[in-house]
Structure formats: structure tokens, C-alpha cells
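All chains are named by letter (A, B, ...) in the order of the sequence lines, taking the proteins before the strands, and each is independently numbered beginning at 1.
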Amino acid sequence: MKLATWNINSLAVRLPQVLDWLAANPVDALGLQELKLVDEKFPFDALKEAGYHAAAFGQKTYNGVAILSRTPITDVVRNIPQHTDDQSRVIAGTLDTPDGPLRLVNCYFVNGQAPGTEKFAYKMRWLEALHRWLQEELKVHRRLVLLGDFNVAPEDRDSYDPVGLKDTIHHTVEERQHFQALLQLGLTDAFRLFDQPEKSYSWWDYRMLGFQKNRGLRIDHILVSEALRGRVIACQIDRLPRKNPQPSDHAPVVLTLG
DNA sequence: ATGTCGTCAGTTTGACGA
């Protein structure tokens, strides 16, 4: 089966591209981030016609996440339990698969703006809360996938300019330590289970011809629990949609499980 | 190189977030 993540930077603008991509890439489930719309405006009908169930957690203007799935989504959780947050950043759900239930946790991690800002402090608090919750979630769900826009470039090779951007947002030691802490829960970065092309990125700034010059970051990730690690067959970034007219600044990442 | 998008308030432009 195939699972994917894609920050689409406004579902209102990008719905046609999402439908086109799903037609060409009929994945079993897709986690979306940055919907930028309220649930009343979520396109349940268009997605149903495309063959997908959906669970949404939106808000006005900013943030917003959703899970699309070929099969029904159960036990849906919105945001991190016992962590007060007025921003819609997390949606989790359980999918039925031939090998049993699979827990999908789809997150739009905090951007954090810059070290030393209040937004960065919020990012740190959010990351701590996510870690605490996932520790519990992993005890209940052996087969768990954590995916989304992490807003962290885990290693220098995940950045087009690790020297020039050292200690800036997405690159700080603190953010990378939080990423490592997630791995220490038993999660594995599926992308790095395989040989990958050098300079593989999932996000490119709209400005300064970022994509054309491949000045990007790998900040969209798919992490799998120990029980799933041996089932991972492939993990790839699909750069094609970034070439579309009016693209999202992020590309989808696709995981194949056997 | 304060570079480009998307959204909103509220009027055709600026503020904010990324």
C-alpha cells in the first residue's frame, strides 16, 4: 500500500492539482497540510467522487490538516490531547489494512520563524507536547506512521546551504534534537532507508527561482514505527507537481509498504 | 535582491505568515 504527505498551501487554490495528482498516483491515503480553510469549506464531495474518505481539521486563513483515505478513517483525534492549542496542526486516524489497523498521524509542525522569537518558543513547546503524546500513542498502536510538514531539515544534507543557513530556522540544533528525539521513540525516517539522489528536497522557496536552482530543503517526512520498518519498500519525493503552474511550494512524499 | 505566494480586511493596497 502507498501513503503520502503533501503541504498544498491552500486547498481552495490547489484542489484541482490534488485531484490530478491522486488520479495519477492513486495512493491509499494522503495527509494534507496548510489547508487554509474552515471545515465548512472542505471539499468532501469532490474527494468522495475521487474515491476518498476524508477527515478534516481546518481553521480560517492559516494551518489546517486532513487525512484522505480509500477506506474509512476511524478513531480520529484532532490536535495533541491535553495540549491546548488554537492552531489546527494535527489530525490522527486509524485505517483498516489487510495486515490490521494502521495509525496515521498527520502533522503540520510549527514553522518557528527564527530562534529567539516567541514563535520559536511555541515551536519548542509544541514539539515537546508531540513527543509526549506519541510516546503514549506508540504504546497503543504498534503500526504507526508519522508524516507531514515537519519544518525541520534533520541533517546538513537535507539543506541546499547548510553552512550559510547554519543555526537559522529549520537548521537549529534544538530543532534537530527534537527530530532525533522522535527517532528515539522507535520511529525511522523512511526516506533514509534507501539510497537517494543527492540534493533531494521537498520544499523550495517561491522566491529567487528556488526550484529552478534546486535551492530547497527536505522538511516533509514520513516516519514509521518499528513494526512497520521491515515493510517499507520505497520512499520517494515526487518533484513533478512542483513544476505545475501555480504550484504549492512543497512536493509530495510517497511511502510504499509491502 | 524586503526577492513570492495565499489570505484577509476592506477597498485596489497593506499586513501577516510562510
Query raised in the report: In whole angstrom, what separates A/Q33's CD from B/dA18's C1'?
Result: 14 Å
**Report entry** Pair A/D99 + A/R231: basic N to acidic O under 4.0 Å
**Finding:** yes
Query raised in the report: In B/S/- notation, 5' to 3', how is nucleotides 11-17 of chain B contacted by protein heavy atoms closer than 4.0 Å?
Result: -----BS
**Report entry** Length of the CZ-C1' vector between A/R14 and B/dT4, whole Å
**Finding:** 12 Å
**Report entry** Separation between the P atoms of B/dA15 and B/dG10, rounded to whole Å
**Finding:** 14 Å
Report task. Whole angstrom is fine here: how far is it from CG in A/L209 over to C1' in B/dA1? Result -> 11 Å
Query - Interatomic distance where CD1 belongs to A/I8 and P belongs to B/dT7 [whole Å] - result: 10 Å
**Report entry** Within 45° cone and under 6.0 Å: A/R70 NZ/CZ vs A/Y52 ring
**Finding:** yes
Report task. Send over the distance from A/Y206 OH to B/dA18 C1', rounded to a whole Å. Result -> 10 Å
**Report entry** A/S10 vs A/N63, nearer the 5' end of DNA chain B by closest nucleotide
**Finding:** A/S10
Report task. Go through B/dT4, B/dT7, B/dA18 for me and flag the one nearest to the A/R89 side chain. Result -> B/dA18
Query - Close side-chain approach of A/P252 to A/P241, heavy-atom, < 4.5 Å - result: yes
Query - A/R215 CZ to B/dT4 C1', straight-line distance once rounded to whole Å - result: 15 Å
Query - From CA spacing to verdict: side-chain hydrogen bond (donor to acceptor under 3.5 Å, both in side chains), A/W204, A/N214 - result: CA-CA 7 Å; A/W204 300 262; A/N214 197 30; 2.9 Å; yes
Query raised in the report: Between A/E40 and A/K60, does at least one N-O distance fall below 4.0 Å, as a salt bridge requires?
Result: no
Query raised in the report: Can you tell me how far C1' in B/dA18 sits from the matching atom in B/dG3, rounded to whole Å?
Result: 14 Å
Query raised in the report: Among B/dG6, B/dA18, B/dT7, which is the nearest nucleotide to the side chain of A/E34?
Result: B/dA18
Query raised in the report: Taking CD from A/Q246 and P from B/dT4, how many angstroms apart are they, rounded to a whole number?
Result: 15 Å
Query raised in the report: Once you round it to whole Å, what is the distance between P of B/dA18 and CG of A/D220?
Result: 15 Å
Report summary line: With the side chain defined as heavy atoms from C-beta on, A/K60 is closest, among B/dT7, B/dA1, B/dA9, to B/dA9
**Report entry** Aromatic ring pairing A/W203/A/H250, orientation class (parallel under 30°, perpendicular over 60°, tilted between)
**Finding:** tilted
Requested in this report: Determine the interatomic distance between C1' on B/dT2 and the same-named atom on B/dG17; round to the nearest Å.
Outcome: 14 Å
Query raised in the report: Taking the side chain as C-beta and beyond, is there a heavy-atom pair between A/I237 and A/R218 under 4.5 Å?
Result: yes
Report task. Could you work out the separation of B/dA1 and B/dG6 based on their P atoms and round it to a whole Å? Result -> 26 Å
Query raised in the report: Under 30°, 30 to 60°, or over 60°: which ring-plane class applies to A/H221 and A/F150, parallel, tilted or perpendicular?
Result: perpendicular
Query raised in the report: Mapping A/L11 and A/D205 to their closest nucleotides on DNA chain B, which lands nearer the 5' end?
Result: A/D205
Query raised in the report: Do the side-chain N or O atoms of A/R207 get closer than 4.0 angstrom to the phosphate oxygens (OP1, OP2) of B/dA18?
Result: no
